[in-house]
Every structure is written in C-alpha cells, then in structure tokens.
Amino acid sequence: MKPTTAEREALGDALAALSAALVAVLGLYITFATREPAMALHGALLAVAAIIGGGAVFSFMNPTEDRPERADYVDGPIKVATIAAIIWGIAGFLVGDIIAWQLAFPALNFDLPWFSFGRLRPLHTSAVIFAFGGNVLLATSLFVVQRTCHARLAGRWSPWFVVWGYQLFIAIAGTGYLLGITQGKEYAEPEWYADLLLTVVWVTYLLVFLGTLARRKEPHIYVANWFFLAFIVTVALLHLVNNASIPVSITSTKSYIVYAGVQDAMTQWWYGHNAVGFFLTAGFLGIMYYFIPKRVERPVYSYRLSIVHFWTLIFLYIWAGPHHLHYTALPDWAQTLGMTFSIILWMPSWGGMINGLMTLAGAWDKLRTDPVVRLLVVSVAFYGMSTFEGPLMSIKAVNSLSHYTDWTIGHVHSGALGWVAMVSFGAIYCLVPWLWNRKGLYSLKLVEWHFWISTIGILLYITAMWVSGITQGLMWRSYDKLGFLQYSFIETVEAMKPYYVIRAIGGLLLVIGGLVMAYNIWRTIRGDEAVDLADQPRVAAAPGLRLQPAE
C-alpha cells in the first residue's frame with residue numbers, strides 16, 4: 001500500500017532529525033578532540049548549526065497530524081538565499097575595496113595577520129563568487145525550475161538544508177581564511193573538511209533540482225533549466241577532482257593534495273577556468289534566459305539559437321583551461337589546445353549575447369523606462385565584451401604581454417562585476433516583489449541610482465586596470481640599448497599607484513550601490529508603500545501551482 005503524504009513526511013522528519021543529531025555529535029567530538037583552536041571553532045560551528053537545524057525539524061514533527069498535499073511553491077529557502085546574497089554581496093564588495101586601498105597604501109594592513117592582503121584576498125574572491133554569486137544562483141535556479149516545470153521542489157527538508165548548509169560552508173571557509181587556513185588553490189582555498197561539507201550540500205542540491213525536473217507537469221524542459229543543470233553537474237565534477245586531498249587527521253585542518261607538479265597545475269586551471277565557465281557563466285546564462293524575457297514580456301529571440309548556444313558552450317568550455325599556463329612546464333600541445341578552444345568560444349558566447357539582446361526586439365523602449373531591464377541588458381553587453389576579451393588574451397602573443405599583469409584583473413572584474421553582478425542585481429530586483437507578494441519595488445528611482453553608481457564604479461575599475469596592466473607589461477619587457485631591463489620591479493609598482501587609487505574609488509562606488517540596493521530591498525520586503533508605483537511596469541509573477549487533490 002502506498003504511504004500517505006503524512007507518513008512520508010513523518011519518515012523524512014525522523015531521518016532529518018537523526019542526521020542532525022549525528023552531525024552535532026561529530027561537531028562536538030572535533031571541538032573537544034582537536035588541539036588546533038581554529039579546528040575547535042569550526043567544530044563548534046558545525047555542532048551549533050546541527051543543533052539549531054535539528055531543533056527546527058523537531059519543532060515541526062507531528063506524526064499524528066494528517067498533513068494534506070501543499071498546493072503552493074516552496075519559496076522559503078529562496079527567500080533566505082535572496083537575502084543572504086545581498087548581505088554576502090555587500091560584505092564581499094567591502095572586503096574587496098579594503099584590499100584595493102591596501103594595494104595603494106600598504107600601511108592599511110596595520111601589521112595584523114588576519115587583516116593582511118594575503119588573508120583578505122581569498123576572503124574577497126570567495127565572498128563575491130561563491131557567497132554572493134552562489135546564493136543568487138541558488139535562489140534563481142530553485143525559483144525558475146519550479147515555475148517552468150510547474151512543480152514543487154523535491155524534498156521536504158532538502159531545499160532548506162541546501163540553502164542553510166551552503167551558508168555554513170561559507171562561514172567555515174571565510175573564518176578559515178582569516179585564521180590562515182587555506183589549500184592555496186585559486187578559487188578552491190577551503191580545506192578538506194569545508195570541501196567535504198560543500199560536497200554533501202552540492203549533491204543534495206543536484207538531487208533536489210533533478211527531483212523537481214522529474215516531477216514536472218510540463219513536458220518540455222525550458223532552456224534556462226539546461227544551463228542551471230549543466231552548472232550544477234559540472235561544478236560538482238570540478239570540485240570533486242580538483243579538491244581531492246588526504247587530511248592529516250580528522251581533527252586537523254591540514255591536508256595534502258593528491259596531485260603534484262605540473263599535474264596539479266593542470267588540474268587546478270582545468271578547475272579554475274571552468275569554475276568561471278560553469279559557475280560564473282552557464283549558471284548566470286540560465287538567469288538571463290528566464291529573467292530578461294520575463295521582465296520585458298517577450299519570448300526568447302531564437303529558441304533554436306539558445307539550444308545551439310547551450311551545447312556548443314558546454315562542449316567547448318571544458319577544454320579551455322590550459323591557456324592559463326602559457327610559457328610554463330605544461331606541454332606545448334596542451335597550451336595550444338587550450339588557446340584553440342578559447343578562440344572557438346567566441347562563436348557560442350556571442351551567439352548567446354545576441355540572443356539575449358535581441359529578445360528586446362519590440363521592447364527597446366523599456367531600456368529608457370525600466371532601470372531593472374537596463375541592469376539586465378547592460379550585463380549581457382558586458383558578457384559579450386568579456387567573452388571577446390578572454391579568447392583574445394588566450395592567444396600566446398597577447399598572453400605574453402597580459403599575463404601576470406593588472407590587465408587580467410581588469411578582465412576578470414569586467415566579467416565578475418559587469419556581467420555577474422549586474423545580472424544578479426536585476427534578478428534580485430525581479431525576485432523580491434514576486435517572492436514577498438508586493439505590487440512593486442519600494443523605489444524604482446533608487447534602482448536608477450544603483451545602476452548609475454555601479455556602472456560608473458565598474459568603468460573606473462576596469463579602465464584603470466586595463467591601463468595599469470598594459471603599462472606593466474610594456475615596462476617589464478622594456479630594454480635599454482645595452483640589452484638590460486630598463487625598469488626595476490619596484491619602479492613598475494610605483495607607476496601603478498594612481499591606477500590603484502582609481503580602482504579603489506571604483507570599488508567604493510560598488511559598495512555604495514550595494515547599500516542602496518539593500519535599503520530598497522529592505523523597504524520592499526517590509527511592505528512599505530512604493531513611492532513611484534505608477535511608474536513601475538506590471539510584471540506578474542508566474543501563476544500559482546495547482547495540484548491534484550491530496551491522497
């Protein structure tokens with residue numbers, strides 16, 4: 001006999017509470033068994049989180065209650081991820097701006113180890129990529145997959161575990177950086193136990209997403225879900241392979257990577273470039289393919305082009321990593337292979353950009369009247385620019401000038417801020433009124449201010465780094481008539497100071513823009529009456545979910 005909904009939920013509650021209890025015991029064991037204060041702190045964080053989670057599950061357990069099938073979407077975890085994205089975003093921008101000022105004025109390190117550039121820099125990259133960007137992807141993917149599949153998220157506690165477990169991973173990784181705990185791998189700094197926690201969270205995320213797709217009421221899987229699924233699956237593969245390590249012991253923070261030498265470098269940049277390709281590109285393209293058509297109320301310009309965009313991007317991107325290792329011990333054929341696939345990536349990337357921009361056909365006036373649309377569309381323009389510049393910089397002759405210079409920093413931030421942050425801002429501005437059932441944002445004028453402040457900040461940042469980087473590259477390869485280097489390294493550092501100050505000012509504008517957004521979102525969630533509701537477009541949320549009668 002098929003179990004009822006109440007029986008299934010009761011079993012799920014019991015398993016969730018038992019799992020929380022076991023994790024709490026493990027956290028307490030680590031706390032009291034380790035000799036490392038940092039590991040004791042992280043064990044305590046794990047135990048406290050498990051106790052709170054177990055208490056939340058236990059408080060909802062009521063096996064005698066006949067709980068009917070719910071006839072609405074699961075939006076609670078999405079709300080948490082949306083708010084977390086805003087908080088982590090401001091924190092990440094702020095830390096990034098602090099280290100930008102430290103580069104211009106090194107005394108701002110204050111000779112404090114936990115406030116030094118070396119510890120704050122991985123905190124910044126992880127905060128903006130994984131904390132801010134990751135929470136935006138969690139929120140948008142779980143929102144989109146429900147609406148486009150017309151089905152509730154799979155699992156009762158699994159979506160909550162994914163969102164809160166991800167916040168715990170961020171807290172453990174971030175405090176670890178400040179305490180000097182790192183593997184020293186770009187974009188993969190967390191030590192083995194944080195990696196293990198992320199693995200459990202990410203596999204659960206994949207199962208929730210696949211389970212929701214499996215129970216869909218719509219026969220067609222919308223293209224945004226293909227991009228989200230590729231992002232989830234590939235990031236899992238990248239994480240498991242690149243972070244394979246052997247811990248010293250269960251109570252030690254230290255571990256050793258299983259690879260060595262050039263194999264470690266190749267694996268790291270296979271991971272590093274595809275973290276950009278699938279975490280920061282494929283996932284956010286899923287956002288583009290849902291939120292731009294939704295906001296402008298137009299169909300995707302070419303659905304066929306979106307499918308071609310998907311498959312070519314997925315096949316080509318995975319091979320491009322070796323271009324990070326030009327002029328190294330990596331075999332020359334592998335370097336050339338990475339360069340070749342990077343150049344070919346121009347085609348699918350620009351095909352996707354054209355598809356996103358042309359979706360506005362017949363609705364171009366919204367660029368003038370709706371600053372949320374402006375955020376989304378400008379992000380696509382930055383996507384096109386970054387995906388032109390990236391393949392250009394992969395060419396060996398160009399790379400010999402650009403690599404190890406600030407040009408690379410400018411390129412990364414034109415994508416991270418211009419593409420990822422701007423499309424994230426637009427998605428958040430769309431999501432909040434829908435999730436909290438508001439007629440509109442508190443103030444569209446504040447969105448306008450946010451757009452211009454952030455755009456000016458981004459332009460200051462990337463143009464300063466372009467000029468700085470090319471200047472560095474030219475000074476490093478400049479020789480006098482006797483064949484000696486014309487400039488010492490410290491002279492190139494001194495020449496960069498004006499550009500570093502400009503970059504820090506640009507970063508400060510990003511922080512201010514984030515605070516403007518947070519204020520606007522806070523007033524919207526609180527339910528304050530919109531100050532310019534008559535000027536806001538009426539973009540309805542997806543229709544509600546209708547289920548069959550409960551068993």
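Only this structure's heavy atoms are used, side chains among them; waters, hydrogens and symmetry mates stay out.
The closest donor-acceptor contact from the side chain of S386 to the backbone of Y383 lies at 3.5 Å or more, if one exists at all. At distances below 3.5 Å, not a single donor-acceptor pair connects side-chain atoms of T359 with backbone N or O atoms of P293. Here the side chain of W269 pairs no donor or acceptor atom with the backbone of L325 at under 3.5 angstrom. Side chain of S141 to backbone of L138: a donor-acceptor contact under 3.5 angstrom is found. The main-chain N or O of P391 is never found under 3.5 Å from a side-chain atom of S342 such that the two would form a donor-acceptor pair. Panel note: side chain E491, backbone S488; a donor-acceptor pair is recorded below 3.5 Å. Side chain of W202 to main chain of I232: a donor-acceptor pair is present (N/O by atom type, distance under 3.5 Å, no hydrogens or angles). Put simply, the side chain of S116 gets close to the backbone of P113: a donor and an acceptor are under 3.5 Å apart.
Proximity of M465 to H413: side-chain heavy atoms (C-beta onward) are nowhere separated by under 4.5 Å. In this structure, T281 and T387 have side chains that are not in contact, with every pair of non-hydrogen atoms separated by 4.5 Å or more. By the 4.5 Å heavy-atom criterion applied to side chains, L153 and V145 are counted as neighbours. Side chains of V276 and I129 form no contact here, defined as non-hydrogen atoms less than 4.5 Å apart. By the 4.5 Å heavy-atom criterion applied to side chains, L313 and L285 are counted as neighbours. Side chains of H326 and H323 form a contact here, defined as non-hydrogen atoms less than 4.5 Å apart. Annotation: side chain of L316 is in contact with side chain of P348 (closest heavy-atom distance under 4.5 Å). Proximity of K366 to V377: side-chain heavy atoms (C-beta onward) are nowhere separated by under 4.5 Å.
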Task: Worked verdict on I470 versus T405 for side-chain contact (heavy atoms from CB on, under 4.5 Å) - done: CA-CA 7 Å; I470 295 172; T405 73; over 6 Å; no
Q. Where do R147 and D75 land on the salt bridge (Lys or Arg N to Asp or Glu O under 4.0 Å) test, with the steps shown first?
A. CA-CA 11 Å; R147 270 66 181 185; D75 284 340; 2.9 Å; yes
Candidate pair W466 and E389, rule side-chain contact (heavy atoms from CB on, under 4.5 Å), full reasoning:
CA-CA 11 Å; W466 283 337; E389 187 182 28; 2.9 Å; yes
(request) Evaluate the criterion side-chain contact (heavy atoms from CB on, under 4.5 Å) for residue pair M288 and L376; output intermediate values, then yes/no. (result) CA-CA 8 Å; M288 180 193 82; L376 294 169; over 6 Å; no
Please step through side-chain contact (heavy atoms from CB on, under 4.5 Å) for the pair V501 and F105, ending with a clear verdict.
CA-CA 9 Å; V501 172; F105 304 99; 4.2 Å; yes
inquiry  = Checking Y271 against H239 for the ring pair (Phe, Tyr, Trp, His ring centres under 6.0 Å) test, could you report, in this order, the C-alpha distance in whole Å, the side-chain angles of both residues, the deciding distance, and whether it holds?
reply    = CA-CA 7 Å; Y271 166 91; H239 176 75; 7.6 Å; no
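Ring geometry for F291 versus W434: interplanar angle under 30°, hence parallel rather than tilted (30 to 60°). A perpendicular orientation is assigned to the rings of F279 and F231, their planes being inclined by more than 60° (bins at 30° and 60°). Using cut-offs of 30° and 60° on the angle between ring planes, the pair H450 and Y429 is perpendicular.
For Y317, the ring pair (Phe, Tyr, Trp, His ring centres under 6.0 Å) partners at least two apart in sequence or on another chain are H273. Annotation: side chain to side chain donor-acceptor pair (under 3.5 Å) contacts of T148 (sequence neighbours excluded): N225. With sequence neighbours excluded, the residues forming a side chain to side chain donor-acceptor pair (under 3.5 Å) with Y500 are D406, listed by chain and number. Taking the side chain to side chain contact (heavy atoms under 4.5 Å, CB included) definition, one finds that I99 meets it with Q102, F117, L120, R121, H124, sequence neighbours left out.
Within the model, atoms CZ of F115 and CG of N109 stand 8.0 Å from one another, a figure rounded to the nearest 0.5 Å. A distance of 11.0 Å separates OG of S402 from CD1 of I409, quoted to the nearest 0.5 Å. Expressed to the nearest 0.5 Å, how far CD1 of I87 lies from OG1 of T82 amounts to 11.0 Å. Atoms OH and CG, from Y461 and L509 in turn, are 13.0 Å apart once rounded to the nearest 0.5 Å. Taking CG of L435 as the start and CD1 of I525 as the end, the distance is 8.5 Å to the nearest 0.5 Å. Taking CG of L444 as the reference point, atom OG1 of T369 lies at 8.5 Å (rounded to 0.5 Å).
Between the side chains of T182 and E189, no donor-acceptor pair of N or O atoms lies under 3.5 Å. Side-chain atoms of H42 and T175 include a donor-acceptor pair closer than 3.5 Å.
I318 and N274 get closest at one heavy-atom pair: CA-OD1, 3.2 Å. Between R295 and D370, the shortest heavy-atom contact is NE-OD2, 2.8 Å. Here the closest non-hydrogen pair linking R119 and L178 is NH1-O, 2.9 Å. Of all heavy-atom pairs between A495 and M475, the closest is CB-SD, 4.0 Å. The heavy-atom pair separating R374 from E448 by the smallest distance is NH1-OE2, 2.5 Å. Listed here is the closest heavy atom pair of W476 and Y404: CH2-O, 3.1 Å.
Between F93 and F132, the ring centre distance stays below 6.0 Å. In this structure, the ring of H403 has its center no less than 6.0 angstrom from the ring center of Y327. A distance of 6.0 Å or more separates the ring centres of W270 and Y187.
Residue F227 is tested with F284, Y289, Y222, Y290 for a ring-ring contact (aromatic ring centres under 6.0 Å, His included); the sole match is Y289.
Looking at R503 and D97, no side-chain N of the basic residue comes within less than 4.0 Å of a carboxylate O on the acidic one, giving no salt bridge.
For residues 523-532, every residue pair satisfying the side-chain hydrogen bond (donor to acceptor under 3.5 Å, both in side chains) rule, not counting sequence neighbours, is listed here: Y442-R523, Y519-R523, R523-D528, R526-D528, D532-Q536.
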Name each donor-acceptor pair under 3.5 Å that joins a side chain in residues 160-171 to protein atoms two or more places apart or in another chain, with its distance.
from	atom 1	to	atom 2	distance (Å)
Y166	OH	F130	O	2.6
Q167	OE1	W88	NE1	2.8
Q167	OE1	N135	ND2	3.4
Q167	NE2	N135	OD1	2.6
Q167	NE2	V163	O	3.0

